[in-house]
Amino acid sequence: MTVVWTVHAVATKGGALQRKPMPTRSLFVTQLYEADLGDQPLLDELAHSIEALARDDEAGRSWSRAHRYAGYTSYASLNDLPKRDPAFSDLAKVLQRHAVAFARELGWDVKPKLDSLWANLLKSGGHHSGHIHPQSMISGTLYVEAPKGSGATRFEDPRLPLMMAAPSRGDTFVTVEPRPGLLLLWESWLRHEVLPGTGKGERLSISFNFA
Ligand SMILES: [Fe+2]
């Protein structure tokens, strides 16, 4: 492990400030993987597919209604999107490469395998409250379309439930604004939520788990 010494200023006898290394190091750092897909034609195809699913997947539409999802999600209705649709199949290959790179960065000696993948169309004002993805290793989201005012994704410090009498810190929550083509990966235990959007457009995204 690389030890990164931080530096702080201390006053010397003469009152001048001198920079000295701070005797601390960071433990158990939480990594967030952020990459740009850089493939607009694929994003266009995915957007087209998500809109078609939101129109035609009756089971998904009913599930979304029953669970008060503000829009449409294929989360509970379709578990084989990469087999059904070439755009999702292409995406699965791209995601695999990113997940392998992230796993390497995390120091894992296992190859993550795409376990589930679902499409989301979230209407204006829609949100998704805080949750984790149990039984998975890596989870993530690709923003396909994110019109102005689309809900941001907010990550929570995993120490929050353990903080006891710890004073509040400025970085307990970290918010990432969505933009088309932005791919986020994180370890599946990291709690996150989608904040309510304030815009008028529909936010299209694809979420997934690696096991
Ligand atoms: Fe999630």
Side-chain angles (χ1 to χ4, degrees), residues 30-37 43 46-47 49-50 53-54 57 60-61 63-82 88 91-92 94-96 98-99 101-103 105-106 108 112-147 149-161 171-199 202-211:
T30 302
Q31 307 256 26
L32 175 65
Y33 182 99
E34 297 177 277
D36 263 301
L37 197 68
L43 288 177
L46 290 167
S49 295
I50 295 171
L53 286 167
D57 171 21
R61 289 168 62 95
W63 190 92
S64 303
R65 256 195 315 275
H67 291 80
R68 298 177 179 217
Y69 188 87
Y72 162 81
T73 176
S74 68
Y75 176 72
S77 56
L78 299 168
N79 62 5
D80 59 353
L81 288 177
F88 284 101
L91 176 66
V94 173
L95 294 179
Q96 182 68 42
H98 285 280
F102 186 41
E105 178 65 17
L106 292 169
W108 295 351
K113 188 170 179 294
L114 186 63
D115 182 54
S116 54
L117 176 150
W118 60 99
N120 313 294
L121 182 156
L122 196 59
K123 291 196 168 152
S124 165
H127 72 285
H128 190 186
S129 53
H131 62 281
I132 59 172
H133 293 213
Q135 314 297 333
S136 299
M137 288 164 52
I138 292 173
S139 298
T141 290
L142 168 71
Y143 304 107
V144 176
E145 281 187 5
S150 288
T153 301
R154 189 167 80 159
F155 296 92
E156 178 185 307
D157 185 338
R159 295 167 295 187
L160 188 62
D171 57 357
T172 297
F173 296 97
V174 174
T175 301
V176 178
E177 293 296 333
R179 63 172 188 272
L182 176 62
L183 171 68
L184 301 178
L185 304 179
W186 59 85
E187 288 187 71
S188 303
W189 46 256
L190 185 61
R191 197 172 160 82
H192 56 283
E193 66 188 305
V194 179
L195 300 173
T198 55
E202 293 171 336
R203 175 192 193 270
L204 306 186
S205 65
I206 294 165
S207 300
F208 46 86
N209 287 322
F210 280 81

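Numbering of ligands and ligand atoms starts at 1, following listing order. Values below: every heavy atom of this structure, side chains too, minus hydrogens, waters and symmetry copies.
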* Kindly write out the residues that satisfy ring-ring contact (aromatic ring centres under 6.0 Å, His included) with Tyr33, not counting sequence neighbours, or none if the list is empty. => His98, Phe102

* Is there side-chain contact between Tyr143 and Arg203, with at least one heavy-atom pair below 4.5 Å? -> yes

* Does some side-chain heavy atom of Gln135 sit less than 4.5 Å from a side-chain heavy atom of Asn209? -> no

* To do: Using 2.8 Å as the cut-off, note every protein N, O or S atom close to the Fe ion (ligand 1).
  => His131 NE2, His133 NE2, His192 NE2

* To do: Provide the closest heavy-atom pair for Ala119 versus Leu81 in the form atom of the first, atom of the second, distance.
  => N-CD1, 4.1 Å

* To do: Enumerate the residue pairs fulfilling salt bridge (charged side-chain N to carboxylate O under 4.0 Å, His left out) with a member in residues 112-123, sequence neighbours excluded, ordered by first and then second residue.
  => none

* **Partners passing side-chain hydrogen bond (donor to acceptor under 3.5 Å, both in side chains) against Glu177 (at least two apart in sequence or in another chain)** => none

